[in-house]
2 protein chains.
Amino acid sequence: MKKDNKNTGARGKREKNKELRRLQLIRATIRSVARRGFAETTMADVTREAGLSLGLINLHFKSKDRLMEETLRHLSGEYESACFAAMASAGPTAADKLRALVELDFSPRVCDRRKLAVWFSFWGEARSRPTYQQICARNDRRYEKIVTDLCQEIIEVGGYAGIRAATVANGLSALVNGLWLDMLMTPDDMPPENARDISVFYLSHAFPNHFANP
Amino acid sequence: MKKDNKNTGARGKREKNKELRRLQLIRATIRSVARRGFAETTMADVTREAGLSLGLINLHFKSKDRLMEETLRHLSGEYESACFAAMASAGPTAADKLRALVELDFSPRVCDRRKLAVWFSFWGEARSRPTYQQICARNDRRYEKIVTDLCQEIIEVGGYAGIRAATVANGLSALVNGLWLDMLMTPDDMPPENARDISVFYLSHAFPNHFANP
DNA sequence: TGCAATTGAATGAATACTCATTCATTTATT
DNA sequence: AATAAATGAATGAGTATTCATTCAATTGCA
């Protein structure tokens with residue numbers, strides 16, 4: 001899946017460890033960026049945090065830039081999987097799935113201060129790094145698509161008129177991002193439940209028959 | 001006004017130039033951060049951009065960190081003044097003023113890609129720099145206060161029930177921040193008018209008698 | 001008013017330091 | 001034994017900061 005293996009599908013210990021190391025370094029990068037910030041994160045910080053040696057980053061990722069890029073991809077993929085998992089284990093209706101996505105966005109696993117800090121660090125740098133921008137944009141568009149489709153279904157099935165799915169969906173995802181920023185900057189003023197309620201409040205106005213005003 | 005002058009209130013050429021230089025450097029910093037990103041902005045970049053010599057930053061700001069800090073303060077102050085100006089020249093009702101604030105948020109002067117890039121750069125770094133976090137938090141709280149008061153007035157005068165001013169206000173400011181992020185990351189998918197309409201859409205649901213669904 | 005004396009803004013070469021990257025060597029796996 | 005992974009000292013490119021020097025503006029004095 002990762003690399004063509006001409007022999008059996010079984011991966012040797014070598015190859016398995018290789019992926020383990022990559023993950024170990026990516027996790028260390030997340031911790032370091034969350035603690036020290038993007039601009040201040042050095043290779044020494046990351047490898048020390050991971051308990052590995054200095055040269056390993058260049059061995060596994062070729063350069064610091066690539067490590068950062070892979071870290072962003074990792075976060076992105078992790079979030080996307082969580083979205084699909086949340087929708088799969090939600091109820092059958094579009095409203096159920098949308099509610100599950102909002103729950104997820106403010107659940108401890110996604111809405112962790114360390115990870116939020118990293119997201120905003122990357123967003124801050126994305127403007128000047130085309131690769132980051134590309135990864136983020138692709139991410140955004142996929143998410144937007146999912147939410148728009150759910151909204152469209154609610155509108156059609158629920159008989160809502162004078163309302164565009166894209167508008168509700170864009171608004172919701174912007175709202176969530178903005179609430180994350182609040183939680184990052186002034187966590188005392190914005191606990192997760194509060195943020196969740198504000199999102200549901202938004203949906204309860206857009207789709208009053210499907211979401212109760214919290 | 002700025003400094004006690006025992007003689008006449010007139011400022012000499014010296015003092016005037018000093019402030020001019022500071023502003024010149026701050027503006028250059030904004031341009032450089034917007035173009036190159038926070039992490040890649042060097043003192044040489046900034047001074048070259050400003051057409052001044054290398055040593056001037058340390059002369060006027062003592063250090064690079066302080067320059068960044070002052071730049072953030074500058075942006076912060078500029079935005080706040082713009083808010084007050086917009087409210088002052090708006091109609092008399094709270095709804096008029098709230099509408100004016102939303103207009104402002106998506107007007108070219110505030111909603112300029114270069115400035116947005118700088119805001120997100122600072123937000124990205126704020127987590128790991130207490131001073132930035134402080135400046136941003138103070139800023140946020142002031143803005144939140146203004147918007148909450150306006151919402152409170154609309155609720156009271158308009159006779160809205162079952163709705164909390166703080167919820168609407170927190171939601172609105174989060175929404176605006178999130179829309180800014182969209183405009184920064186995928187400007188083609190989110191023109192300012194669209195973002196403005198999404199914000200008004202939000203308000204039209206919260207206060208249906210005061211904001212028309214766009 | 002004219003003429004030093006003084007101030008402090010501005011410069012940019014030199015300095016000191018940080019940090020990504022390299023690579024010869026060691027350690028582990030097959 | 002052969003191959004790959006891991007190490008970390010050494011390297012050198014890049015960068016913030018310092019500071020001796022220059023020079024324009026201001027002040028004090030006649």
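Atoms considered below: every heavy atom in the structure, side chains included; atoms not considered: hydrogens, waters and symmetry mates. On a predicted model such as this, the values are computed, not experimentally measured, just so you know. Quick note on labels: first sequence line is chain A, next is B, and so on, each numbered from 1.
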Apply side-chain hydrogen bond (donor to acceptor under 3.5 Å, both in side chains) to [X] and list each qualifying residue two or more places apart in sequence or on a separate chain.
X	value
B:E78	B:K115
B:D45	B:R36, B:T42
B:T41	B:S32

*With sequence neighbours left out, write down each residue that passes ring pair (Phe, Tyr, Trp, His ring centres under 6.0 Å) with B:Y202, or none if nothing qualifies.*
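Residues passing ring pair (Phe, Tyr, Trp, His ring centres under 6.0 Å) with B:Y202: none at all.
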_Rounding to an integer number of Å, can you tell me how far B:L67 CG sits from D:dT15 C1'?_
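Between C1' of D:dT15 and CG of B:L67: 15 Å.
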*Nearest-angstrom distance from the residue atom CE of B:M43 to C1' of C:dA14*: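 Atom CE in B:M43 sits about 15 Å away from atom C1' in C:dA14.
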*Respond yes when some side-chain nitrogen or oxygen of B:R21 is under 4.0 Å from OP1 or OP2 of C:dA10, and no when none is.*
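B:R21 to C:dA10 OP1/OP2: side-chain N or O found under 4.0 Å.
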*Looking only at side-chain N and O atoms, does A:K18 come under 4.0 Å of OP1 or OP2 in D:dA4?*
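Checking D:dA4 against A:K18, no side-chain N or O comes under 4.0 Å of OP1 or OP2.
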*Using a cut-off of strictly less than 4.0 Å between a heavy atom of the residue and any atom of DNA chain C, enumerate the qualifying residues of residues 49-65 of chain A by number.*
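A:L54, A:N58, A:S63, A:K64, in order of number.
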*Do other residues, nucleotides or ligands put more than 12 heavy atoms under 6.0 Å from the CZ atom of A:R66?*
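At most 12 heavy atoms, drawn from other residues, nucleotides or ligands, come within 6.0 Å of this atom.
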Would you give me the side-chain donor-acceptor pairs under 3.5 Å for residues 52-61 of chain B, sequence neighbours excluded?
none

*Indicate, with a heavy-atom threshold strictly under 4.0 Å, whether A:T41 touches base, sugar-phosphate, or nothing.*
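Answer is sugar-phosphate: A:T41 comes under 4.0 Å of backbone atoms only.
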